[in-house]
*Asks:* 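Before I ask anything, let me first share the structure, which is written out below as structure tokens.
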Amino acid sequence: MPPRRDRLTREELAGVSLDLAPALLGAVLVHDGVEGRVAARLTEVEAYMGGDDPGSHAFGGRTARTTVMFGPAGHLYVYFTYGMHWCANVVCGPAGAASAVLLRGGEVVAGHEVARRRRPTARRDVELGRGPARLATALGIARDENGADLCAASGRLWLERGDPVAPDAVRTGPRVGVAGAGGDATAFPWRFWLEGEPTVSTYRPGTSRRRRGAGGETL
DNA sequence: AAAACGATACACT
DNA sequence: GTGTATCGTTTTT
């Protein structure tokens, strides 16, 4: 019987800032759903540094959507994007800071069958949680989990301390897909991943989708 | 209109 | 096998 893993505490998460965002690497997010339990070891995360970060949803102040980000640490901020995907963040830092860490990739370490049912297009296990929306889907995270408290004594979502990661296995780079204001939102190396992990999403430069109807229109 | 993305189709190696 | 481009879909501002 493996030793019971303890959970990351709200105090710890409140202390997570830029320097400590990689502290979430190696941690294991667990979801107990009606379909069963799925657990994923985080291999890739990305920091969003509050209302002054032009790449953050919190930029420009609190809205209905970003209310959870402005609350205390240890809650899940779940957002919907591109008309079909849900992505999950862990709110970090002191209450009101509106900082959060986007969970971009993880290795499913328990509940493969359930995860595979939710992600039928995954051809191999590594595809179950490679990418933020894929990871959320594999874990059964969607609208209902927005605001979920990861540090509550009883809850169906929590964050377990993983095995320590070797410091020199942590890599950093620019954030993915963040257009930001003036493009400088990608200037900061606020993406963190574990070198050599196949569940780390492949880097894609920000929004290169061709603009439609920018100028003349029709045609 | 753009968006913190994923699936697919196609080209190429 | 890899890389690149296109499109789906709807919330949010």
Side-chain angles (χ1 to χ4, degrees), chain A residues 18 21-22 24 29 40 42-70 76-93 98-106 108 115-147 172-193 198-219:
Chain A
L18 183 55
L24 293 181
L29 184 59
L42 303 179
T43 57
E44 182 187 2
V45 300
E46 206 162 74
Y48 287 85
M49 301 300 292
D52 296 328
D53 174 359
S56 172
H57 290 168
F59 186 66
R62 172 178 171 154
T63 64
R65 177 172 68 155
T66 59
T67 295
V68 175
M69 290 184 89
F70 285 84
L76 209 61
Y77 164 54
V78 180
Y79 69 91
F80 183 69
T81 191
Y82 290 101
M84 58 193 103
H85 302 303
W86 298 93
C87 299
N89 300 249
V90 177
V91 176
C92 293
S99 294
V101 174
L102 171 67
L103 310 180
R104 289 198 55 89
V108 173
R116 195 161 266 290
R117 239 173 281 143
R118 292 176 177 145
R119 295 253 321 107
T121 59
R123 308 186 59 203
R124 298 173 298 155
D125 279 355
V126 294
E127 292 171 5
L128 290 170
R130 187 176 68 187
R134 290 164 162 184
L135 178 61
T137 300
L139 283 163
I141 294 171
R143 177 194 282 132
D144 287 354
E145 317 301 333
N146 187 39
T172 68
R175 294 186 292 192
V176 177
V178 180
D184 53 354
T186 59
F188 310 102
W190 288 350
R191 173 177 171 246
F192 305 88
W193 68 94
T199 51
V200 174
S201 64
T202 52
Y203 176 75
R204 231 183 331 181
T207 68
S208 58
R209 185 175 184 170
R210 218 186 116 205
R211 311 180 58 199
R212 293 181 302 178
E217 229 60 21
T218 50
L219 199 156

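Order of the sequence lines sets the chain letters (A, B, ...), proteins ahead of strands, with each chain counted from 1.
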*Asks:* Please pick, from B:dA7, B:dC5, C:dG8, the nucleotide with the shortest atom-to-atom distance to any side-chain atom of A:Met84.
*Replies:*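 That would be C:dG8.
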
*Asks:* Mark yes or no for whether A:Asp53, through its side chain, and A:Tyr48, through its backbone, hold a donor-acceptor pair below 3.5 Å.
*Replies:*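 Not a single qualifying donor-acceptor pair exists.
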
*Asks:* Should A:Arg143 and A:Trp86 count as side-chain neighbours, where that means a heavy-atom distance under 4.5 Å?
*Replies:*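 When only atoms from C-beta onward are counted, A:Trp86 and A:Arg143 do touch, with a gap below 4.5 Å.
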
*Asks:* Taking for each residue the nucleotide of DNA chain C bearing the nearest heavy atom, is the 5' side occupied by A:Thr63 or by A:Thr81?
*Replies:*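 Closest to the 5' end, via its nearest nucleotide, is A:Thr81.
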
*Asks:* Atom CG of A:Leu135 to atom C1' of B:dC5: distance rounded to whole Å?
*Replies:* 13 Å

*Asks:* Where the side chain of A:Phe80 is concerned, which of B:dG6, B:dA4, C:dT10 is the nearest nucleotide?
*Replies:* C:dT10

*Asks:* Return the value, rounded to whole Å, for the distance between atom CZ of A:Phe59 and atom C1' of B:dA2.
*Replies:* 16 Å

*Asks:* Please check: side-chain N/O of A:Arg134 versus main-chain N/O of A:Arg130, any donor-acceptor pairing under 3.5 Å?
*Replies:* yes

*Asks:* Can you tell me the pairing partner of C:dT12 across any strand shown, Watson-Crick or G-U wobble, with both distances under 3.5 angstrom?
*Replies:*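 Pairing partner: B:dA1.
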
*Asks:* Looking at C:dG3, which nucleotide sits across from it as a Watson-Crick or G-U wobble partner, both distances under 3.5 angstrom, or is there none?
*Replies:*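 Matched C:dG3 with B:dC10 under the 3.5 Å cut-off.
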
*Asks:* Could you work out the separation of B:dA4 and C:dT4 based on their P atoms and round it to a whole Å?
*Replies:*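 Approximately 23 Å lies between the P atom of B:dA4 and that of C:dT4.
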
*Asks:* Mind calculating the distance between CZ (A:Arg124) and P (B:dG6) to the nearest angstrom?
*Replies:* 15 Å

*Asks:* By centroid distance (under 5.5 Å) and plane angle (under 30°), are A:Tyr48 and B:dA4 in a stacked arrangement?
*Replies:* yes

*Asks:* Could you state the CZ-P distance from A:Arg62 to C:dT13, rounded to the nearest angstrom?
*Replies:*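 Rounding to the nearest Å, CZ of A:Arg62 and P of C:dT13 are 12 Å apart.
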
*Asks:* Quickly work out the A:Arg123 CZ to C:dG1 P distance and round it to whole Å.
*Replies:* 7 Å

*Asks:* To the side chain of A:Thr121, which of C:dT12, C:dG8, B:dA7 is closest?
*Replies:*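 Side chain of A:Thr121 sits closest to B:dA7.
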
*Asks:* How many whole angstroms separate atom CH2 of A:Trp86 from atom C1' of B:dA3?
*Replies:*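 About 14 Å, once rounded to whole Å.
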
*Asks:* Check the distance between B:dA4's P and A:Tyr82's OH and give it to me in whole angstrom.
*Replies:*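 One finds 6 Å between P of B:dA4 and OH of A:Tyr82, rounded.
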
*Asks:* Rounded off to whole Å, could you give me the CD-to-C1' distance for the A:Glu127 and C:dT2 pair?
*Replies:*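 My rounded result for the distance is 14 Å.
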
*Asks:* Tell me whether A:Glu127 contacts the main-chain N or O of A:Arg123 through its side chain, where contact means a donor paired with an acceptor under 3.5 Å.
*Replies:*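 Indeed, once roles are kept as given, a pair shorter than 3.5 Å links the two residues.
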
*Asks:* 5'-most contact on DNA chain C: A:Arg143 or A:His85, nearest heavy atom basis?
*Replies:* A:His85

*Asks:* Is any side-chain nitrogen or oxygen of A:His57 closer than 4.0 Å to OP1 or OP2 of C:dT12?
*Replies:* no

*Asks:* Is the distance between the ring centroids of A:Tyr79 and A:His57 under 6.0 Å?
*Replies:* yes

